[in-house]
Every structure is written in C-alpha cells, then in structure tokens.
2 protein chains.
Amino acid sequence: MLVTLKQIAEELGISITTVSKALKEYPDVSKKTRKLVRETASMLNYKPNSFAVNLRTKESKTIGLIIPEIVHHFFSSVIKGIISQAEKKGYLVITLQSNESYELEKKQIDLLLSKRVDGILISLANGTGDFKHITEVIEQETPIVMFDKIAKTVKCSKVIIDDRKAAYKATQHLINIGCKRIAHFRGPLLPQNSIDRFLGYKQALIDNNLSYDASLVYLLNDMSFEEGKFYANQLLKDHKDVDGIFINTDLVAIGAISEFNKKGIKVPEQINVIGFSNWFMASVISPSLTTVNQPGFQMGKKAFKILYKEIKDRKKRKNISYNEVILETDLIFRDSTNN
Amino acid sequence: MLVTLKQIAEELGISITTVSKALKEYPDVSKKTRKLVRETASMLNYKPNSFAVNLRTKESKTIGLIIPEIVHHFFSSVIKGIISQAEKKGYLVITLQSNESYELEKKQIDLLLSKRVDGILISLANGTGDFKHITEVIEQETPIVMFDKIAKTVKCSKVIIDDRKAAYKATQHLINIGCKRIAHFRGPLLPQNSIDRFLGYKQALIDNNLSYDASLVYLLNDMSFEEGKFYANQLLKDHKDVDGIFINTDLVAIGAISEFNKKGIKVPEQINVIGFSNWFMASVISPSLTTVNQPGFQMGKKAFKILYKEIKDRKKRKNISYNEVILETDLIFRDSTNN
DNA sequence: CTGAAAGCGCTTACAG
DNA sequence: CTGAAAGCGCTTACAG
C-alpha cells in the first residue's frame with residue numbers, strides 16, 4: 001500500500017539506485033531525471049520508509065528524554081525547550097518518566113538504548129545514587145547530556161544552574177532587607193541541588209556574620225505543598241523569632257505561605273519568604289512569591305543543542321569534549337519579601 | 001561494536017536462524033540450544049537491533065502524540081497518563097507540540113507518518129478547523145485517537161468529557177446557591193469545548209427560568225491570566241449586578257479572582273466564581289477555586305488503551321469499531337463559591 | 001530439531 | 001549520467 005522506491009523506479013522505467021539518488025539531490029543524476037523523479041514521488045505521495053533508512057544509516061534521528069516528573073512546571077518547561085529545539089533540527093523526542101525511581105530510570109536507559117536512540121537527555125531521579133547505568137551509556141558511545149539534576153562525578157556534558165550561587169543571592173537578599181534569623185527548608189540528601197542550595201544559604205549567613213544554626217534547617221522529603229504547610233507550622237512552634245525563610249522550591253513555599261496566612265502570620269511583615277524555581281503559580285498567589293527564576297525552557301534548548309553537537313561530532317569521528325554550561329538565574333522580587 | 005545475532009551464531013557454531021528462534025522462545029528449538037543461546041546472548045549483552053526488527057515486522061512499537069501545549073497542568077497530566085500506560089505495553093511515545101497552530105499540527109502529522117509510528121494520539125489545536133490531515137491518517141490505516149479537543153465530524157475513536165453537562169452542572173450550582181445574574185467567560189469560537197461549555201451554561205439558565213443575556217457572555221482569545229484580569233475588570237464596569245461567573249478555564253478564573261481581590265470585590269460574598277479543569281493552582285490560591293475536575297491522567301490512559309486495541313486489531317486484520325468514551329467530571333467545592 | 005534462503009526498503013561504493 | 005549488487009540485521013516460510 002505504501003509507496004516504495006521500487007514503485008517509482010518501475011513507473012519511470014529506471015533503476016532504484018537512480019531514484020534514490022535523484023531524491024537525495026545527488027549531483028551525478030541529470031537534472032531531467034531528478035525533476036521527473038521528484039514529480040512522480042510527490043504524485044505518488046512517496047515517503048521514505050524510515051525503518052529502512054534507520055537500518056542503513058544507523059541513525060534514528062530520535063533522542064530519548066528521561067525526566068523525574070512530567071506534571072511539574074519547571075520540568076514541563078524543559079521538555080518544551082527540548083522538543084522545540086529538536087524539531088528544528090529534524091529530531092524527534094521520546095519522553096520517559098522515572099518517577100524519581102532509580103530502578104525505573106535504569107530500565108528506561110536500557111529501553112532507550114535498545115531502541116537505538118541517537119542520544120539521551122536525562123535529569124536524574126532523587127533516588128539515584130549509583131551512576132553505573134549512565135557511565136555504561138557513555139562507554140557504549142551513545143551521547144548523553146545531563147541537566148538540572150546531575151551527578152557531579154560523571155564525565156559527560158551538563159546543563160545546570162549554579163544552585164549554590166542562586167541560593168546565596170536569595171539568602172543575601174533576606175539579609176539585605178534586615179532579616180536576622182533566617183530558616184531554610186531544604187530538600188532530601190540525595191539530589192545535588194538541595195545540597196548546593198543549602199550550602200549557598202549557609203555561606204551567605206557566614207559571610208554576613210550571622211551565626212549558622214542547624215536547628216533552623218528543616219529537611220523535607222517529598223517537597224509537597226502539604227510538607228510546606230506542615231513545616232511552616234513546625235517552624236512557628238520551634239522558633240518564634242524567625243523573620244525570614246529561604247525555601248528550596250516554590251511549591252513548598254506556597255504551602256508555607258498558605259499556612260502562615262491561615263495562622264494569621266503576616267507575610268512579609270512578620271516573616272519574609274523566598275522560594276525557588278519561579279513556577280507560574282508563584283505570581284498568582286497572595287502575597288505573590290519572591291523567588292529564584294530557573295530558566296527551564298532555555299535549559300531544555302541548551303541541553304539539546306549540546307547533545308546535537310555531540311551526535312554530529314561522533315558521526316564525524318571527531319573526539320568529543322564535554323561541555324558544562326551554567327545558566328544564569330535571577331531573583332524575582334515580589335510581595336512575599338519586604339524589599 | 002554492538003552484538004548481532006550473527007556473532008552469537010558464530011560464537012556457538014550454529015545458524016543465525018536458530019539463534020533468532022531460540023531467543024524468541026520458539027518451541028521448535030531444543031531446550032539445550034535455547035538455554036545456551038540465552039546465556040551467550042546475555043553474556044555478550046545482546047540487544048536486538050530495533051531498526052532491523054522494525055523493518056521486518058513493520059512495527060515500531062512507538063506512537064506519536066500531538067498536544068497543543070506541554071506547559072499546562074491538564075495536558076501534562078494527560079501526557080503522563082499516556083506515557084505510563086504505553087510503557088506498560090512496551091510502547092514508546094514521541095511527543096510533539098502544535099502550539100495551537102493548524103499549520104504546525106499538519107506538519108507534525110506528516111512527520112509522525114513518515115516515521116511510521118504505529119498510531120497517533122491527538123488533541124487538536126485551537127486553530128484547526130479543517131480535518132483533512134486527520135482523515136488522511138485514517139485512510140492510510142494508521143490508528144488515531146482524538147482526546148479532549150476533538151472534531152465531532154471526524155470518524156475515529158475519541159476520549160472526551162461531556163463539556164456541556166459539566167458546564168451545566170457548574171452553572172446549576174451557581175443557581176442553587178442563589179445567583180440570579182450569572183456571567184460567563186467563554187473561550188474562542190473554534191474548539192468544540194468552548195462551544196459546549198457555553199451551551200451548557202446557557203441551557204442551565206433557560207431550564208431555571210433565568211433569562212439568557214448575551215451581554216453577560218465575554219469571548220476570550222488566549223485564555224490567559226491577564227485576560228482573566230482584564231475581563232473581570234470589564235465585567236465590573238458593564239454589570240454591577242452580576243453575582244456569579246462561570247469561567248471556561250481555571251487560569252482565567254484565577255486572573256479574575258486576583259482582579260476582584262485587588263478591586264476589593266469580595267469572593268464569594270459579592271461574586272461567586274467557578275472555574276474549569278481543576279489545575280493544582282486552583283487549590284492554593286485564596287480564596288481557593290471551586291471548579292470542574294477534568295481527569296487528565298485518566299484521559300491519557302484511556303486514550304492509549306483504545307489506540308492500543310486498534311493497533312492490535314488492525315494487525316489481526318479485524319475490522320475496527322470506533323469507540324467514543326466520555327469520562328466523568330465532578331464539581332470540586334471550594335471557597336470561591338458560597339456553597 | 002536445524003539451517004539455507006528470501007526479503008523488508010533503503011544507501012552507497014563501484015563499474016561502465 | 002545510470003545501474004547492478006552488496007549489505008544493514010533481523011524474521012519466517014520452507015526443506016530436510
């Protein structure tokens with residue numbers, strides 16, 4: 001039913017070789033033949049069988065993307081950036097979701113490898129502490145680029161933000177506007193991001209001669225709205241003197257603000273709150289949330305661009321040099337801080 | 001570098017045929033050979049070359065998904081549902097984003113077709129009024145299932161909610177709690193959803209002997225937060241007597257509430273507001289938003305299940321009967337209505 | 001139970 | 001400028 005090169009060749013009484021070459025604009029086919037072939041092809045609505053093309057060229061023009069969670073403002077922005085950039089270059093994107101599970105992530109890497117994708121883009125699951133599945137991809141010479149949630153020790157290209165610096169800036173802002181007792185809601189121990197954000201927070205305190213108090217740091221697990229409410233409540237019980245919080249992610253910050261609103265604690269008059277990520281939501285709650293803008297769309301685009309270059313370089317047998325790109329973040333000033 | 005059947009065959013001194021059959025657990029291979037082959041394959045870390053498999057079997061175990069916008073709570077939930085269900089059945093999903101553009105959507109359909117995906121899942125762009133590109137897919141015998149934003153006139157399987165009924169229920173609720181002058185912010189003329197939601201609104205008024213007043217219906221274009229603010233403001237100017245609004249989508253409703261908050265209009269005391277979709281955001285703003293819950297994840301799962309069945313049926317040369325599944329919605333009662 | 005052979009639909013080095 | 005032929009790595013009908 002579907003048209004093949006053979007049918008075009010028979011239609012015109014020429015060889016399959018010539019048809020193939022004409023369609024690919026090879027210079028060694030006469031103009032006349034080329035024109036004829038093109039016309040017949042479009043008349044018959046010919047579309048190259050990509051299965052055959054893949055087999056011959058050993059390329060699928062498809063990349064794999066593994067992401068911890070799709071229903072997530074930041075990650076969906078990254079996906080959008082990746083897909084839009086890939087489409088420009090004629091690449092298609094297969095998306096998989098690890099649900100923050102190391103086991104799933106490992107299986108999905110395998111799945112993508114056996115699908116022979118040309119490259120892989122990945123943001124690690126929180127549960128991932130062992131990186132053998134990633135280094136295997138690299139050894140197998142399939143280009144891979146990590147973004148956002150990365151493994152520092154793995155040698156491959158990466159696109160990240162400077163979490164530590166961003167957290168430092170956020171905390172510095174709290175200090176600048178007069179906060180003396182600044183709490184921090186941090187993420188779990190594993191992803192590098194929560195470590196770095198914590199370290200940035202701590203460093204800012206130290207550099208400003210505010211003593212670091214470990215009891216002001218709360219370690220959260222699932223980083224949910226509910227956890228935000230819960231720990232905001234806990235904080236009110238533990239420390240009546242806190243005047244600022246830097247929170248690891250917007251969703252938690254929004255939960256915290258919601259709890260403060262409920263308890264009649266005025267934000268920012270009594271407590272200044274800064275989040276992280278700049279989810280759309282941050283701009284529509286009241287008070288609107290001061291937060292660190294994390295450029296998801298841009299991160300996705302950049303990650304694809306680097307992957308694309310590595311795919312091309314590998315094809316040309318150039319040797320690959322790994323890239324580490326650090327995207328700029330900035331603080332968005334809104335009403336949850338007394339700016 | 002990558003292991004092929006041939007290498008396993010050479011390693012064991014048997015034929016490629018036998019290796020292939022052993023690996024696929026054909027019964028006509030001796031147990032001993034099967035075991036040997038399996039062991040050697042796993043030792044060599046053999047993975048079938050999917051390009052060759054695709055070419056032979058004419059299947060890619062991949063489906064295409066076209067969605068108007070990825071960074072969108074409802075749609076990203078649908079994507080998640082589709083991907084999770086597809087993975088269970090061994091299918092991979094290529095996601096494309098139409099940006100609500102008919103031209104892009106058409107190109108993407110072509111792209112997926114030339115990639116020989118086994119089936120397509122699509123939610124139409126707002127800009128799509130002509131469905132030839134969809135009917136061509138059907139004629140070409142590639143299974144396709146539409147969801148959420150569908151074309152009523154196209155003959156294929158569909159997964160939707162009953163927008164009219166849901167809108168009717170929402171409006172009825174406003175009437176039940178005593179609203180007499182109910183406005184409606186509707187979506188653009190093209191997608192069926194906004195037509196149906198409008199019709200449900202209108203019908204509810206008529207059935208309750210409230211006169212339908214066209215000047216209470218505002219037609220929005222991009223359905224954004226800003227438009228919500230703009231038309232909320234407009235409404236306050238045009239109609240001082242409005243005591244309830246049914247709004248086509250949550251984002252706009254949140255914009256409207258934000259504007260009311262700013263202008264000192266009390267929600268729900270002065271105006272009751274109901275949205276549509278139940279974005280996560282709806283639960284965290286204040287006042288929290290009463291809205292229609294639209295089951296995105298479930299819709300994605302169902303859409304894939306139907307597509308999967310059609311792919312299997314087509315392979316078995318069974319004739320296909322189209323399915324139209326209507327998912328239940330319910331009203332989530334929150335603080336933006338005086339329940 | 002095993003294997004030789006054909007074929008899926010392309011691409012491309014090579015000959016003429 | 002054109003085309004015969006090999007080959008990518010599988011699957012499967014068929015013969016033995």
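Just so it is clear, the model here is predicted, and its values are computed rather than measured. In the text below, chain A, chain B and the rest are named by the order of the sequence lines, each starting its count at 1.
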Strictly below 4.0 Å, N to O, side chains only: are A/E100 and A/K149 in salt-bridge contact?
yes

For B/D118 and B/P143, the nearest pair of non-hydrogen atoms, with its separation, is O-CD, 3.4 Å

Protein-nucleotide distance (A/K21, atom NZ; D/dG3, atom C1'), rounded to Å
8 Å

Looking at B/K6 and B/E11, does any basic side-chain N land under 4.0 Å from a carboxylate oxygen?
no

For the side chain of A/K58, counting heavy atoms from C-beta on, which of D/dC8, C/dG9, C/dT11 is nearest?
D/dC8

Atom CG of A/N54 and atom C1' of D/dG7: how far apart are they, to the nearest Å?
16 Å

B/K24 has an atom NZ; how far is it from atom P of D/dA13, in whole Å?
10 Å

Touch class at under 4.0 angstrom, heavy-atom based, for A/T33 against every strand present
sugar-phosphate

Hey, does A/K6 reach any base, or is it just sugar-phosphate, or nothing, if we go heavy atoms under 4.0 Å?
nothing

Mind checking B/D28 for me? I need base, sugar-phosphate or nothing, with any heavy atom below 4.0 Å counting as a touch.
base

Could you tell me whether A/T18 contacts a base, only the sugar-phosphate backbone, or nothing, with contacts defined as non-hydrogen atoms closer than 4.0 Å?
base

Can you check the A/Q7 CD to C/dG9 P distance for me, whole Å?
9 Å

To the nearest Å, give me how far apart OH (B/Y26) and C1' (C/dC1) are.
15 Å

Which part of the nucleic acid, if any, lies within contact of B/T4, taking any heavy atom under 4.0 Å across all strands shown: a base, the sugar-phosphate backbone alone, or nothing?
sugar-phosphate

Report the nucleotide, chosen from C/dC10, C/dC8, D/dC10, that has the shortest atom-to-atom distance to any side-chain atom of B/Y46.
D/dC10

Please name the pair of heavy atoms, one in B/S123 and one in B/F75, separated by the smallest distance, quoted to 0.1 Å.
OG-CE2, 3.6 Å

Which heavy atom of B/I66 sits nearest to which heavy atom of B/S98, and what is that distance?
CG2-CB, 4.1 Å

Rounded to the nearest Å, what distance is computed from the CZ atom of residue A/R56 to the C1' atom of nucleotide C/dA13?
9 Å

Rounded to whole Å, please give me the gap between NZ in A/K47 and P in C/dG9.
16 Å

Does B/T17 make a side-chain N or O approach to OP1 or OP2 of C/dT2 shorter than 4.0 Å?
no

May I ask you to say what A/S30 touches in the nucleic acid, namely base, sugar-phosphate or nothing, with a heavy-atom cut-off under 4.0 Å?
sugar-phosphate

Report the secondary structure of DNA chain C in dot-bracket form, marking unpaired bases with a dot and bases paired to a different strand with |, and treating Watson-Crick or G-U pairs with both distances under 3.5 Å as paired.
|||.||||||||.|||

Please collect all side chain to side chain donor-acceptor pair (under 3.5 Å) contacts where either partner lies in residues 62-83 of chain A, sequence neighbours excluded, each pair once.
A/T62-B/K115, A/E69-B/K80, A/K80-B/E69

Regarding B/Q294 and B/D148, do their side chains bring together a donor and an acceptor under 3.5 Å, going by distance alone?
yes

Between A/T57 and B/K31, just flag the one whose closest nucleotide in DNA chain C comes earlier from the 5' side.
B/K31

So for A/S15 and D/dA4, does any side-chain atom that can act as donor or acceptor lie under 3.5 Å from a complementary atom in the base?
no

B/I14 CD1 to C/dG3 P, straight-line distance once rounded to whole Å
6 Å

Judged by modelled atom types alone, do A/E87 and B/Q108 share a side-chain donor-acceptor pair under 3.5 Å?
yes

